[in-house]
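Computed over heavy atoms, backbone and side chain alike; hydrogens, waters and symmetry mates excluded. Lettering of chains follows the sequences in order, A, B, ..., and the numbering in each one begins at 1.
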Amino acid sequence: MHPPRTIAALCLLLTGTSLSAATASASQTLQVNISPAASFSTSSYSFTLTKSGSLFISSGRFTGYTANLTLLYQARTGAASTTAGITVKATSDFAPAGGPAIASGPVLTYTCAGPTLGTGCTGVQTVSTVSATRVVTLPAMACTGGGSPCSNGDPNSATMSFFLPDDPKYRTGFYTTNLQFTISGI
Amino acid sequence: MRQLLPALTMCLAAVSAVYGQASAQGYLNLGPNAGLIVSSTPSLTKGGTAFGDFSGVTTLTYYIRTSQVGGSGSIQMKITNDFRPAGGPLAASGHLTYSCTANTPTNGGAATPCTGQATASTTTQTTVTSFGPDARSSLAGDTASVQWSLKNDPAFKAGSYSGTVTFTISAN
């Protein structure tokens, strides 16, 4: 036994078909607003500063400690992007006390190399506990992956080379610090 | 057949983050370290009397960091080339003695210079200064010195003589 609604629909269909063929069309507009976006492909990193070269340079002063860190990121910047890019800031100084202190001056510095999207920082930058400093600058209308006009690589990468001078006043021991990276698409 | 189907507009707003964040933890293991600069070679000069001893000073700039617990360090020296040519003084014969001074490390710890008048050796290391735990010099280095005294024996032939002393600094 057919439900009443099905029977009624069949009647309408048969009646229409016997008179003339009918077609129906409907249009639908699909619109998407793609906004600038940016994120890190890996959100947690670590690096170990190790002694570079011999114990001390010819002047007698100690050589410093170095480390490399490669950031992985994806980004899409807007047409009016002016501040897009990656910055870094120390959210906690070296601990425990007695070792290097970022807050006390230019202690932890870095240079930037090889961003696969954007432009790396120029010269030697100093990590700060107060303000964020630039690592990568992203131009307007930049995008990750897929080839031109976007980058070929996905994710993109940028390498930071850290340097920490070894001051004899630092006490021996194991120290840690925390850095926070922020990426912006605008 | 007239059908009026309302145009359906679908606005798909791409919901994505304009900002992203990541964190990094940096590790640093600071160990003991030491470095040394030796001033220019001193010219030993004769004292006031006819056969008074020759004397001179070597100034050392040291850089050091010893372990906080149980650490130590030292500046040692050895005569690696005795006086030449032959016929003059010989460190190996005990003709060369020295005394020491050492400034306290600027950033902590202790430095203990050698005491009295010691005899330089061509065979073993002799201590110029010893450092205790948590000794930390300044970035520009701190100073120690060696005051030389060379016997002026009438038996030595007249001439110019030279030897080599090698200093070694260590920290642990």
Side-chain angles (χ1 to χ4, degrees), chain A residues 16 20 22-40 42-49 51 55-56 59-62 65 67 69 71 73 91 94 98-100 108 162 164 166-186, chain B residues 1-38 60-71 73 105-109 133-142 169-172:
Chain A
S20 62
T23 60
S25 63
S27 64
Q28 187 176 54
T29 300
L30 300 177
Q31 180 177 321
V32 59
N33 295 321
I34 299 179
S35 303
S39 67
F40 288 100
T42 302
S43 61
S44 181
Y45 300 86
S46 68
F47 61 94
T48 300
L49 292 155
K51 198 75 177 171
L55 286 179
F56 55 92
S59 68
R61 295 187 177 188
F62 298 169
Y65 288 78
L69 175 64
L71 300 169
Y73 58 97
T91 50
F94 282 103
L108 184 62
F162 291 100
L164 179 83
D166 186 4
D167 193 321
K169 73 180 179 184
Y170 302 151
R171 287 192 159 99
T172 56
F174 190 74
Y175 300 90
T176 59
T177 182
N178 288 291
L179 307 181
Q180 185 175 67
F181 296 91
T182 300
I183 186 169
S184 167
I186 58 174
Chain B
M1 180 177 174
R2 183 182 178 189
Q3 285 186 308
L4 294 176
L5 295 176
L8 178 63
T9 300
M10 295 181 66
C11 296
L12 301 176
V15 179
S16 54
V18 179
Y19 298 96
Q21 285 192 326
S23 63
Q25 189 158 39
Y27 301 99
L28 171 66
N29 191 5
L30 275 175
N33 205 354
L36 189 67
I37 296 178
V38 181
L60 309 170
T61 301
Y62 69 85
Y63 305 79
I64 196 163
R65 176 174 57 236
T66 61
S67 297
Q68 293 191 61
V69 179
T106 299
N107 288 299
D134 205 20
R136 290 169 290 125
S137 69
S138 71
L139 182 62
D142 291 313
I169 187 170
S170 63
N172 57 55

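If you measure heavy-atom distances from A:T42 to chain B, the contacts under 4.5 Å come from the backbone alone. A:L71 does not touch chain B: none of its heavy atoms, backbone or side chain, sits under 4.5 Å away. Proximity to chain A (any heavy atom under 4.5 Å) is shown, for B:S67, by both the backbone and the side chain. A:F94 touches chain B through its side chain: at least one heavy atom from C-beta onward sits under 4.5 Å away, while N, CA, C and O do not. Proximity to chain B involves both the backbone and the side chain of A:A38, based on heavy atoms less than 4.5 angstrom apart. Heavy atoms closer than 4.5 Å to chain A are found in the backbone of B:T66, but not in its side chain. Only the side chain of A:L69 comes within contact range of chain B, judged by heavy atoms closer than 4.5 Å. Interface remark: A:Y65 contributes side-chain atoms only to the contact with chain B (heavy atom separation under 4.5 Å).
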Test A:T172 against B:R65 for side chain to side chain contact (heavy atoms under 4.5 Å, CB included), laying out the working first. CA-CA 7 Å; A:T172 56; B:R65 176 174 57 236; 3.9 Å; yes

Residue pair A:Y170, B:N107: steps toward the side chain to side chain contact (heavy atoms under 4.5 Å, CB included) verdict: CA-CA 9 Å; A:Y170 302 151; B:N107 288 299; over 6 Å; no

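Looking only at side-chain heavy atoms (C-beta outward), A:P168 and B:L139 come within less than 4.5 Å of each other. Between B:L30 and A:P100, some side-chain heavy-atom pair lies under the 4.5 Å cut-off.
Counting heavy-atom pairs closer than 4.5 Å to chain B, the top residue among A:S46, A:G173, A:S39 is A:G173. Contacts with chain B were tallied for A:G98, A:G185, A:S184; A:S184 has the most, counting heavy-atom pairs under 4.5 Å.
A:F40 and B:G20 make their closest contact through CE1-O, 3.7 Å (heavy atoms, listed as atom of the first residue, atom of the second, distance).
Taking A:F174 as the reference, A:T176, B:Y27, B:N29 meet the side chain to side chain contact (heavy atoms under 4.5 Å, CB included) condition, with sequence neighbours excluded. Looking at residues two or more places apart in sequence or on another chain, you find a salt bridge (charged side-chain N to carboxylate O under 4.0 Å, His left out) between B:D134 and A:R171, B:R136.
A distance of 15.0 Å separates CD in B:Q25 from OH in A:Y45, rounded to the nearest 0.5 Å.
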